[in-house]
S.K.: 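Mind having a look at this structure? Questions to follow.
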Amino acid sequence: MRSRATEKAIVNFAFIDSQNLNLGIRDLGWKLDWKRFRIYLREKCHVAKAYLFIGYIPENQNLYRVLQESGYILVFKPVLMRPGGKPKGNVDAELVLQAMIERDKYERAVIVSSDGDFACLVSYLKNEGKLERVLSASRNGCSKLLKKAAGNRIDFLEYARTKLEYTK
């Protein structure tokens with residue numbers, strides 16, 4: 001039997017679609033505490049590095065600083081403004097690319113999104129033995145394609161509200 005001192009630490013990486021997660025949690029009527037979520041990723045999923053894919057808006061420097069101080073590695077996507085001033089910054093391609101670039105550096109990946117566009121990445125990682133978990137904001141808000149691809153390797157953060165909700 002190996003002692004705890006000689007056990008190799010598990011090295012998992014998280015790849016987080018920040019806008020999808022944020023909107024999914026807000027649709028549930030609460031706000032995510034990003035600092036607590038980073039702790040949750042480390043403790044529950046053994047995440048050593050957490051890549052947070054986020055649209056870049058110059059006015060959000062304080063938010064970016066807080067996220068970096070909480071332990072996230074930010075990957076910025078330029079944002080286009082839609083008519084009416086609503087921002088649009090799709091991070092799907094960047095998330096998939098980063099997961100593949102880093103593939104040999106992690107044991108398993110944690111994909112955080114409810115977006116069915118990630119079903120092919122999740123299927124690939126699962127077939128390669130490289131998928132730890134998919135974390136989705138909610139069961140009802142999660143794509144059927146993503147649920148199918150993840151199988152029993154999916155958790156819904158709506159059930160962790162007491163651990164993850166932002167409270168002042």
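In this text, all values refer to a predicted model and were calculated from it rather than measured experimentally. Numbering starts at 1 and runs along the sequence shown.
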S.K.: May I ask you to test the Leu41-Phe37 pair for a side-chain heavy-atom distance under 4.5 Å?
M.R.: yes

S.K.: Would you say Gln61 and Tyr56 are linked by a side-chain donor-acceptor pair, where the criterion is simply a distance under 3.5 Å?
M.R.: yes

S.K.: Just verifying a value: how many Å separate Ser136 OG and Asp155 CG, rounded to the nearest 0.5 Å?
M.R.: 10.0 Å

S.K.: Is there side-chain contact between Ile10 and Glu132, with at least one heavy-atom pair below 4.5 Å?
M.R.: no

S.K.: Begin with the C-alpha distance, continue with both residues' side-chain angles, and end with the deciding distance and a verdict on salt bridge (charged side-chain N to carboxylate O under 4.0 Å, His left out) for Arg103 and Glu128.
M.R.: CA-CA 10 Å; Arg103 184 181 182 281; Glu128 294 292 310; 3.0 Å; yes

S.K.: Between Ala150 and Lys126, which heavy-atom pair has the shortest distance, and what is it?
M.R.: O-NZ, 3.5 Å

S.K.: List the steps and the verdict of side-chain contact (heavy atoms from CB on, under 4.5 Å) for Val66 and Trp34.
M.R.: CA-CA 9 Å; Val66 168; Trp34 289 94; over 6 Å; no

S.K.: Does Lys130 reach the side chain of Tyr124, with side-chain heavy atoms less than 4.5 Å apart?
M.R.: no

S.K.: What heavy-atom pair brings Val134 and Ser113 nearest, and what distance separates the two atoms?
M.R.: CG1-O, 4.0 Å

S.K.: Would you indicate whether the side-chain heavy atoms of Thr167 and Arg36 approach each other to under 4.5 Å?
M.R.: yes

S.K.: Just wondering, are more than 12 heavy atoms of other shown residues or ligands nearer than 6.0 Å to NZ in Lys35?
M.R.: no

S.K.: Can you tell me how far the NZ atom of Lys77 sits from the CD1 atom of Ile54, to the nearest 0.5 Å?
M.R.: 14.0 Å

S.K.: What's the separation between atom CZ in Arg38 and atom CD1 in Ile16, rounded to the nearest 0.5 Å?
M.R.: 7.5 Å

S.K.: Is a donor from one side chain sitting under 3.5 angstrom from an acceptor on the other, for Glu102 and Gln98?
M.R.: yes

S.K.: Grab the two heavy atoms, one from Leu121 and one from Met100, that are nearest each other, plus how far apart they are.
M.R.: CD1-SD, 4.1 Å

S.K.: Which heavy atom in Cys142 sits nearest to a heavy atom in Phe156, and how many Å separate them?
M.R.: CB-CE2, 3.9 Å

S.K.: Can we call the ring centroids of Tyr72 and Phe53 under 6.0 Å apart?
M.R.: no

S.K.: Would you say that Ile25 contacts Trp30 through its side chain, given a criterion of any heavy-atom pair below 4.5 Å between the two side chains?
M.R.: yes

S.K.: Do Val112 and Val110 come within less than 4.5 Å of each other through their side chains, counting heavy atoms only?
M.R.: yes

S.K.: Just so I know, are the side chains of Leu52 and Ile73 near enough to count as touching, which here means a heavy-atom distance under 4.5 Å?
M.R.: no

S.K.: Are any non-hydrogen side-chain atoms of Val91 and Val75 less than 4.5 angstrom apart?
M.R.: no

S.K.: What heavy-atom pair brings Asp115 and Asp117 nearest, and what distance separates the two atoms?
M.R.: OD1-N, 2.8 Å

S.K.: Using 0.5 Å steps for rounding, measure from the CZ atom of Arg26 to the NZ atom of Lys31.
M.R.: 5.5 Å

S.K.: What is the minimum heavy-atom distance between Leu131 and Arg108, and which atoms define it?
M.R.: O-CD, 3.7 Å

